[in-house]
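Here is the structure we will look at, set down as structure tokens.
When a residue number appears, it is its place in the shown sequence, counting from 1. Being a predicted model, the structure only gives us computed values, none of them experimental.
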Amino acid sequence: MRLQWKNAVALSAVMIATGWASSASAGQLDCAELTTHEFGIDGLVIGSASAEPEGEGSPVPHCLVQGHIGERTGADGNTYRISFELRLPDEWNERFVHQFNGGNDGRVVPAMGSLLNADDSDNALSRNYAVVSSDAGHDGSAHPDAGFAGGTKFGFDPEARSDYGYSAVMKLNPVATQIVEDYYGKGIAYSYGVGTSNGGRHGLVQATRSPEAFDGILAGYPGLNLPKAAVQHAWDIQSFKAVSDDVTQAFSNDELKLVAEAVLEACDALDGLADGIVADSQACQQTFDISSLTCGETSNNCLTSTQVDALRRIHAGPVNSAGEELYSDWAWDRGIEGRGWTAWKLNSGSERMNNLPRIATLGASSLAMVFSNPPQDVGGDPDSLVSFLLDYDFDTDVTIDASTAEFPEAPMEFMTPTDVEDPEMADFREAGGKMIVFHGMSDPVFSALDTIEWYEKLDANNGGNAKDFVMFYTVPGMNHGFGGPATDKFAAFDALVDWVENGEQPDYLVATTTPDNPYLPELADATRKLCPYPAIARYQGGDEMDHDSFVCQ
């Protein structure tokens with residue numbers, strides 16, 4: 001993993017310290033030269049390279065490079081290429097971040113390098129990392145007439161599917177690193193991959209497909225089995241439809257808060273302290289019973305039996321008529337009252353989406369066009385997308401493992417780590433790679449229990465020593481991304497860097513709430529421990545606001 005450059009960097013540091021080196025930028029190219037520099041890379045086009053001064057949207061002076069690689073005409077007749085931007089700070093720290101983006105990709109998100117610490121102003125670029133970002137090989141705005149389905153039209157091209165799943169990162173990463181090293185005239189000391197959601201999935205995939213490319217990977221709430229999670233979208237919509245013809249009205253905010261309060265009553269104190277956080281999630285799954293909220297003849301503050309059945313069905317996960325599991329079960333957790341849970345699962349609050357949940361307006365076309373084989377065309381208006389999910393047949397329409405002559409890679413092949421069913425990550429381990437994974441227990445898009453199952457298999461296949469190269473943390477209450485009744489602000493990237501560069505294996509992470517968290521105002525000044533799985537933070541007595549009053553066990 002870039003060992004030759006690490007030795008060179010160490011020698012360079014000695015030379016500078018002893019006065020042998022004349023200038024840190026002696027071999028550096030001028031930013032404007034990059035558009036004409038001969039890199040010797042087939043298909044590379046650098047469209048622009050501009051010096052960006054420090055200012056709004058530019059935390060440090062840097063060179064902004066924009067270009068693309070691999071332009072081609074797809075099987076569907078559309079033009080494809082992997083577009084990217086690369087930001088090269090003037091005061092480079094000799095490190096590189098590949099920014100893995102989320103959702104359906106399809107646009108070049110500014111290459112700032114989020115460090116996933118709930119503070120957007122503190123990013124990799126502001127710390128003088130070189131950062132690359134791409135659209136993963138397709139332009140999500142190329143089909144504006146397709147409505148919400150426009151961003152997934154690329155699913156009709158087999159290579160675009162593969163690029164989205166894994167190969168765009170594999171094609172771009174060596175190009176980006178060569179540009180970095182040519183520009184600065186020196187090698188990259190350490191390379192990192194960072195992403196959340198689909199971007200977290202990218203990280204797990206690359207650990208198995210290009211295990212020597214990254215010294216460290218930070219994967220937040222990863223879409224580990226994304227095609228299977230997309231099947232859950234149909235399961236959810238059909239479950240809500242059984243409650244109300246208008247799925248957005250299946251549960252009110254007060255009813256979801258009622259469920260959250262019941263979870264707290266049953267589970268909050270299982271970790272030794274009733275503080276609004278369900279840290280002992282495993283015990284909670286055995287303790288909490290949703291049927292306790294079923295209305296009786298004289299009940300108030302309760303759910304109808306139909307509502308209870310819908311939530312039980314959703315949390316159990318999708319199955320076919322033979323009872324075969326199609327994805328995963330889900331954890332009961334306080335975060336069900338979080339705005340992030342509602343927006344994804346039930347009601348987006350967006351008039352443009354007809355208030356339909358994001359799993360319908362953003363997820364249905366992914367299931368149809370990208371995770372079905374062959375792809376199924378679907379209208380891009382909200383009603384058509386919901387209809388597709390309502391009509392989805394769990395016996396005949398689940399083709400995530402299917403391949404055809406035209407689409408030889410099944411969705412589960414191009415979207416998941418190569419060893420997803422029996423994970424070992426042996427090549428990444430042997431290459432010396434380190435990884436930190438974290439997942440919110442109330443993520444409504446990807447089940448944290450699915451990630452837990454993956455990690456347990458990984459640990460078993462590594463003789464109980466997966467923690468030697470992969471640390472996994474669950475975050476009670478956190479939704480899809482930061483938010484919800486959770487201590488969701490923590491410095492996982494710092495822990496990863498310390499592990500990679502100094503050999504300091506992380507233990508617990510110190511977490512706080514993000515400012516103005518509406519669910520946990522009483523913990524605004526508190527700290528909590530996020531413990532490496534399977535340990536949980538148990539209260540031992542003392543200051544209830546201090547993480548030192550908790551132990552991981």
Side-chain angles (χ1 to χ4, degrees), residues 100 116-117 192-197 199-208 211 214 216-226 229 271 278-282 285 328-331 333 416-417 419-426 428-429 433-443 445-478 480-482 486-488 490-500 504-511 528-538 552-553:
F100 304 137
L116 315 189
N117 58 7
Y192 297 93
V194 181
T196 61
S197 188
R201 180 200 62 83
H202 276 303
L204 299 186
V205 168
Q206 292 307 312
T208 61
F214 301 102
I217 294 174
L218 178 56
Y221 39 100
L224 172 66
N225 283 297
L226 211 159
D271 55 21
V278 179
D280 194 345
S281 181
Q282 183 175 356
Q285 306 317 305
S328 171
D329 55 348
W330 301 68
D333 186 81
T416 64
D419 62 0
V420 67
E421 295 298 330
D422 193 25
E424 184 180 358
M425 292 173 56
F428 184 73
R429 179 192 67 216
K434 308 299 182 198
M435 177 185 290
I436 291 179
V437 181
F438 65 90
H439 205 146
M441 292 306 298
S442 277
D443 186 336
V445 185
F446 306 128
S447 171
L449 297 186
D450 187 45
T451 309
I452 287 173
E453 182 179 6
W454 166 81
Y455 187 74
E456 288 177 342
K457 290 179 180 178
L458 179 70
D459 193 43
N461 287 339
N462 282 276
N465 295 308
K467 64 182 181 299
D468 289 348
F469 65 103
V470 180
M471 299 292 286
F472 173 49
Y473 301 86
T474 59
V475 187
M478 193 172 84
H480 189 66
F482 304 105
T487 50
D488 56 355
F490 44 90
F493 184 77
D494 292 346
L496 178 64
V497 169
D498 202 27
W499 193 11
V500 167
E504 295 293 331
Q505 183 177 17
D507 187 13
Y508 63 83
L509 303 177
V510 178
R528 287 291 184 267
K529 287 180 178 177
L530 298 181
C531 298
Y533 184 84
I536 67 164
R538 295 194 180 278
C552 293
Q553 58 181 214

State which residues pass ring pair (Phe, Tyr, Trp, His ring centres under 6.0 Å) with F490; sequence neighbours excluded, sorted by chain then number.
-> F438
Quiz: residues 464-476 side-chain donor-acceptor pairs under 3.5 angstrom, not counting sequence neighbours:
{"residue": "N465", "atom": "ND2", "partner": "G463", "partner atom": "O", "Å": "3.4"}
{"residue": "Y473", "atom": "OH", "partner": "D507", "partner atom": "O", "Å": "2.5"}

The reported gap from OH in Y508 to NZ in K529 (rounded to nearest 0.5 angstrom) is 4.5 Å
With Q285, which residues qualify under side chain to side chain donor-acceptor pair (under 3.5 Å), at least two apart?
-> S281
G440 and A448: which non-hydrogen atoms are nearest, and at how many Å?
-> O-CB, 3.5 Å
Side chain to side chain donor-acceptor pair (under 3.5 Å) involving D271 - partner list, sequence neighbours excluded | none
For E456, what residues pass the side chain to side chain donor-acceptor pair (under 3.5 Å) criterion, not counting sequence neighbours?
-> Y533
Tell me, please, which residues at least two apart from N461 pass side chain to side chain donor-acceptor pair (under 3.5 Å).
-> D422
Return the set of residues passing side-chain contact (heavy atoms from CB on, under 4.5 Å) with A460 (not counting sequence neighbours), or none when no residue passes.
-> none
Quick one: closest heavy-atom pair of I536 and A279, and the distance?
-> CG2-O, 3.6 Å
Listed partners of R528 passing salt bridge (Lys or Arg N to Asp or Glu O under 4.0 Å), at least two apart = D275
Please report the C-alpha distance between L204 and V437 in whole Å, then the side-chain angles of each, then the deciding distance to 0.1 Å, and finally whether the side-chain contact (heavy atoms from CB on, under 4.5 Å) criterion is met.
-> CA-CA 9 Å; L204 299 186; V437 181; 4.1 Å; yes
What distance separates I452 CD1 from S328 OG, expressed to the nearest 0.5 Å?
-> 9.0 Å
In this structure, CG of L509 is separated from CG of N117 (nearest 0.5 Å) by 11.5 Å
What heavy-atom pair brings W499 and Q505 nearest, and what distance separates the two atoms?
-> CD1-CA, 3.5 Å
Got a sec, which residues hit salt bridge (Lys or Arg N to Asp or Glu O under 4.0 Å) with E453, two or more places apart in sequence or on another chain?
-> K457
Between L218 and A492, what is the shortest heavy-atom contact and its length?
-> CD1-CB, 3.8 Å
Kindly compute the distance separating OG1 (T451) from NE2 (H439), expressed to the nearest 0.5 Å.
-> 4.5 Å
Okay, side chain of T416, backbone of N225: is any donor-acceptor separation there less than 3.5 Å?
-> no
Those residues at least two apart in sequence (or on a different chain) that pass side-chain contact (heavy atoms from CB on, under 4.5 Å) with D494 are R127, A491
Which of L496, V497, D498 passes side-chain contact (heavy atoms from CB on, under 4.5 Å) with K434? Answer is L496
Where is the tightest heavy-atom contact between I436 and P506, given as atom of each residue plus distance?
-> CD1-CG, 4.2 Å
For A207, the side-chain contact (heavy atoms from CB on, under 4.5 Å) test, sequence neighbours excluded, returns I217, M425, F428, M435
Interatomic distance, W454 atom CH2 to D459 atom CG [nearest 0.5 angstrom] | 10.5 Å
For H480, check ring pair (Phe, Tyr, Trp, His ring centres under 6.0 Å) against everything at least two apart and list the hits.
-> Y221, W344, F446
Exam field: side chain D488 to backbone M478, donor-acceptor pair closer than 3.5 Å | no
How long is the span from the CG atom in D443 to the CH2 atom in W330, to the nearest 0.5 Å?
-> 6.5 Å
